[in-house]
Each structure stands twice: as C-alpha cells, then as structure tokens.
Participant: 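Below is the structure I would like to discuss, written out as structure tokens.
Note that the structure is predicted; figures quoted are calculated from it, not measured.
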Amino acid sequence: MSTPPPPISHTLEMVIATVVGVAIGLARDNFLMGAIVGIVLGVGLSIAKTLYVDYRRRKG
C-alpha cells in the first residue's frame with residue numbers, strides 16, 4: 001500500500017485574499033464588498049492551487 005500524499009496548505013492563499021479584501025473594503029469604504037471579494041478570491045485561489053498540485057502529483 002502506498003502512503004497518502006501530504007495535505008495541501010492554503011495559508012498563503014488565505015493571507016492574500018484577506019489583504020486584498022481589506023484593501024478593497026477600506027479603499028471603497030464598503031466593508032461588505034471587501035469581505036465578499038476576499039472570500040471569493042480565497043476560494044478561487046484555493047481551488048486553483050488544489051487543481052495545480054493534483055495535476056503535478058499525477059504527472060510526476
């Protein structure tokens with residue numbers, strides 16, 4: 001039996017999404033929009049990284 005691959009860390013994506021969301025919320029003076037942008041960006045980056053890492057694991 002093979003060992004399962006290590007879990008994927010999404011810390012960097014969450015930090016980027018948080019900083020961008022806060023910056024947009026402060027710049028536009030609309031904290032709800034900043035929160036929504038941060039959440040959507042975080043989810044999008046996490047999905048992209050998961051797909052990329054999975055592709056690399058299958059390829060290599």
Side-chain angles (χ1 to χ4, degrees):
M1 290 185 105
S2 63
T3 59
I8 301 170
S9 174
H10 295 285
T11 305
L12 181 61
E13 292 84 10
M14 293 301 112
V15 170
I16 292 170
T18 301
V19 169
V20 170
V22 168
I24 288 175
L26 289 174
R28 300 281 185 172
D29 198 25
N30 187 346
F31 298 119
L32 180 61
M33 184 175 76
I36 291 171
V37 167
I39 291 168
V40 170
L41 184 62
V43 169
L45 288 173
S46 293
I47 290 172
K49 182 176 181 180
T50 300
L51 292 174
Y52 174 74
V53 170
D54 186 50
Y55 170 76
R56 295 287 299 199
R57 286 180 181 166
R58 289 177 191 259
K59 184 179 176 186

Participant: Taking Phe31 as the starting point, is it possible to reach Val40 by hopping between hydrophobic residues whose side chains are less than 4.5 Å apart?
Facilitator: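 Different hydrophobic clusters.
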
Participant: Do the non-hydrogen side-chain atoms of Arg58 and Asp54 ever get within less than 4.5 Å of each other?
Facilitator: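 Touching, per the 4.5 Å side-chain cut-off.
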
Participant: Can you give the donor-acceptor pairs under 3.5 Å from side chains of residues 6-28 to other protein atoms, not counting sequence neighbours?
Facilitator:
residue: Ser9; atom: OG; partner: Thr11; partner atom: OG1; Å: 3.2
residue: Thr18; atom: OG1; partner: Met14; partner atom: O; Å: 2.7

Participant: Atom CD1 in Ile47, atom CG in Leu51: separation rounded to 0.5 Å?
Facilitator: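 CG of Leu51 is found 7.5 Å from CD1 of Ile47.
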
